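Before any comments, here is the structure.
Since the model is a prediction, treat every value here as computed from it, not as a measurement. The basis for the numbers below is simple: all heavy atoms, side chains too, and nothing from hydrogens, waters or symmetry mates. Chain A is the first sequence line, chain B the second, and so forth, proteins listed ahead of strands; every chain is numbered from 1.
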2 protein chains.
Amino acid sequence: MAIQIRQTRQKEAIRNAFLKADRPLSPEEALGTAQTEVEAVSIATVYRNINLLVAEQWLIPVEIPGESTRYEVAGKEHHHHFHCNDCGKVYEVEGCAVPVKTKLPKGFRMTGHEFFLYGTCAACR
Amino acid sequence: MAIQIRQTRQKEAIRNAFLKADRPLSPEEALGTAQTEVEAVSIATVYRNINLLVAEQWLIPVEIPGESTRYEVAGKEHHHHFHCNDCGKVYEVEGCAVPVKTKLPKGFRMTGHEFFLYGTCAACR
DNA sequence: TGAGTATTGATAACGCGCTTTCAAGAGCAT
DNA sequence: ATGCTCTTGAAAGCGCGTTATCAATACTCA
């Protein structure tokens, strides 16, 4: 028989952290938000639940150059990310301004693209 | 007095590795290429010399999401990078097809951008 | 309510990229 | 060629993000 999945306060708090945030969170950020809801959540539990949520495709990983992986809830429209050089937070930028017809070398096939913006966010100015 | 800089076979082989490659190399890749020229080069020497070359701005670091840092010779025209999902190599893609006028949230200031292409390179198809 | 077992917290351990250590080797000025 | 000292190789060490360990806790179902 399959192992049964249980609801726990920690799991709920971690899911809520991602739902409340309108931007991709690092495990550390998710921990901080979850702890405002449930007093004691450990970083190990955050990592465990992130992995579960990624496996069931409720979360998707967002990899940023030179940064640790962030996670955001799945199912959003195509968008890109803005990385604040001051506070390190990653924000979502709506739309895709990329005309995906860059000239590739012969024989190359493109299957996807990522576009990152860098700068200073409103809170840091 | 300032410490004197010496020319060595290893240093020359590492520089040549980057000159020969028309794409950004990881330290491991640079090691492989350098070893075809000088029998014994250690990875420590590759890292040491990469750091020296970055400090004197002969090399510039290229950070790829989820990958270790690559390095390419400085002074090239504005371009972006293609990451092969099969072999992991990073290639250069000429030109910048990005109309940088994405609508940012209010108060955000953009200072730069990065554009990555993903797919399969000619050698892997 | 109580039994059975999935989940948690605290912490040790891991992997990987990178740096440091130090004795041996080798440029460079003389 | 000689000597000074910068550079190298091999391996240990480090930092950080992440995972494993294991006893204690707490869901869920009967």
Distance, rounded to the nearest Å, where [X] contributes [atom1] and [N] contributes [atom2]:
X: B:Ile50; N: D:dT7; atom1: CD1; atom2: C1'; answer: 16 Å
X: A:Arg70; N: D:dT18; atom1: CZ; atom2: C1'; answer: 15 Å
X: B:Asn49; N: D:dT7; atom1: CG; atom2: P; answer: 9 Å
X: B:Arg6; N: D:dG3; atom1: CZ; atom2: P; answer: 15 Å
X: A:Ile14; N: C:dT7; atom1: CD1; atom2: C1'; answer: 11 Å
X: B:Glu63; N: C:dG17; atom1: CD; atom2: P; answer: 14 Å
X: B:Glu12; N: C:dA26; atom1: CD; atom2: P; answer: 17 Å
X: A:Asn51; N: D:dG17; atom1: CG; atom2: P; answer: 16 Å

Check every strand shown and say whether [X] touches a base, only sugar-phosphate, or nothing at a heavy-atom separation below 4.0 Å.
X: A:Glu28; result: nothing
X: B:Ile5; result: sugar-phosphate
X: B:Arg48; result: base

Comparing nearest nucleotides in DNA chain D, the 5'-proximal residue of the pair B:Val38, B:Gln4 is B:Gln4
Taking A:Phe116's backbone N and O only, do any of them form a donor-acceptor pair with B:Glu114's side chain (distance below 3.5 Å, no angle check)? no
Look only at the side chain of B:Lys89 and the backbone of B:Phe82, and say whether a donor-acceptor pair between them is shorter than 3.5 Å. no
Between [X] and [N], is there a contact of a side-chain N or O with OP1 or OP2 at under 4.0 Å?
X: A:Thr8; N: C:dT8; value: yes
X: A:Tyr47; N: D:dT19; value: no
X: A:Gln10; N: D:dC27; value: no
X: A:Ser42; N: C:dT8; value: no
X: B:Thr45; N: D:dG9; value: yes

Could you please name the option among D:dT8, C:dT20, D:dA20 that lies closest to any side-chain atom of B:Ala44? C:dT20
Within the supplied structure, the quantity of interest is the number of heavy atoms (other residues, nucleotides, ligands) at a distance under 6.0 Å from A:Glu56 CD; does it exceed 12? yes
Find which nucleotide of DNA chain C each of B:Tyr71 and B:Gln7 is nearest to by heavy atoms, and output the residue with the more 5' nucleotide. B:Tyr71
For DNA chain C, whose closest nucleotide is more 5', that of B:Ser68 or that of B:Arg9? B:Ser68
With a 3.5 Å cut-off and no angle check, do the side chains of A:Thr45 and A:Ser42 form a donor-acceptor pair? yes
Does some side-chain heavy atom of B:Cys124 sit less than 4.5 Å from a side-chain heavy atom of A:Phe108? no
